[in-house]
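First comes the structure, then the notes that go with it.
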Amino acid sequence: DEAMVAVKHQTQRDTNSIYERVIDFNTEKDNLFKFKLWAMEKGVEGFEATKEQKSALRKCKSIISGLQIIEEIRTPK
């Protein structure tokens, strides 16, 4: 049981770290650029994105706003 509790706590710390990194790097130019490359390659892969959505993704000013666009693309209508 102790091992399971330790794994659960480590998983929570890892998850918190992901959230903190998104916030910390949200508008940092180099990471925003890397995010946009990833988003255009992998983030919308297999989904139908309109020309407007792709343009908005290329022009987004933050990772969080880019994630919102990806969510819009990936959400079935």
Side-chain angles (χ1 to χ4, degrees):
D1 281 341
E2 279 186 43
M4 291 298 288
V5 170
V7 168
K8 186 175 181 179
H9 287 292
Q10 182 61 44
T11 301
Q12 185 61 44
R13 283 191 298 272
D14 293 346
T15 302
N16 289 342
S17 176
I18 291 168
Y19 301 148
E20 289 167 9
R21 289 183 60 89
V22 168
I23 296 299
D24 290 345
F25 296 129
N26 189 39
T27 58
E28 195 272 319
K29 288 184 186 276
D30 187 50
N31 283 301
L32 180 57
F33 177 75
K34 290 175 186 176
F35 166 78
K36 289 177 184 181
L37 291 176
W38 170 84
M40 294 304 290
E41 263 186 44
K42 300 292 184 186
V44 297
E45 183 177 53
F47 294 89
E48 294 293 322
T50 66
K51 191 185 285 187
E52 292 80 17
Q53 288 169 322
K54 289 179 183 178
S55 176
L57 197 49
R58 283 191 297 275
K59 294 177 183 179
C60 70
K61 302 284 186 207
S62 70
I63 292 172
I64 292 173
S65 65
L67 289 170
Q68 288 174 312
I69 296 165
I70 290 172
E71 178 65 16
E72 180 183 303
I73 293 167
R74 289 179 162 216
T75 301
K77 294 178 175 65

Can you find a heavy atom in the side chain of Ile63 that is under 4.5 Å from one in the side chain of Ile23? no
Sequence neighbours excluded, the answer for side chain to side chain donor-acceptor pair (under 3.5 Å) partners of Lys54 is none
(request) Report the C-alpha separation of Thr50 and Ile73 in whole Å, then their side-chain angles, then the decisive distance to 0.1 Å, and conclude whether the side chain to side chain contact (heavy atoms under 4.5 Å, CB included) test is met. (result) CA-CA 8 Å; Thr50 66; Ile73 293 167; over 6 Å; no
Residue pairs passing the side chain to side chain donor-acceptor pair (under 3.5 Å) test with at least one member in residues 59-69, sequence neighbours excluded, are Ser62-Ser65
Q | Worked check of side chain to side chain contact (heavy atoms under 4.5 Å, CB included) between Phe35 and Ile70 | A | CA-CA 11 Å; Phe35 166 78; Ile70 290 172; 3.9 Å; yes
When rounded to the nearest 0.5 Å, the distance separating CG of Leu32 from CD1 of Ile64 is 11.0 Å
Residue set satisfying side chain to side chain donor-acceptor pair (under 3.5 Å) with Asn16, at least two apart, ordered chain then number -> Gln12
Residue set satisfying side chain to side chain donor-acceptor pair (under 3.5 Å) with Ser17, at least two apart, ordered chain then number -> none
Grouping ILVMFWY residues whenever side-chain heavy atoms fall under 4.5 Å, the cluster of Phe33 otherwise contains Leu37
Is Arg74 reaching over with its side chain to a backbone N or O of Gly43, donor-acceptor style, under 3.5 angstrom? yes
- Task: Report yes if the side chains of Leu57 and Val44 come closer than 4.5 Å at any heavy-atom pair, otherwise no.
- Result: yes
Using modelled atom types and a 3.5 Å cut-off, is there a donor and acceptor pairing between side-chain atoms of Thr15 and backbone atoms of Thr11? yes
For residues 31-43, the side chain to side chain donor-acceptor pair (under 3.5 Å) pairs (sequence neighbours left out) are Glu28-Asn31, Asp30-Lys34
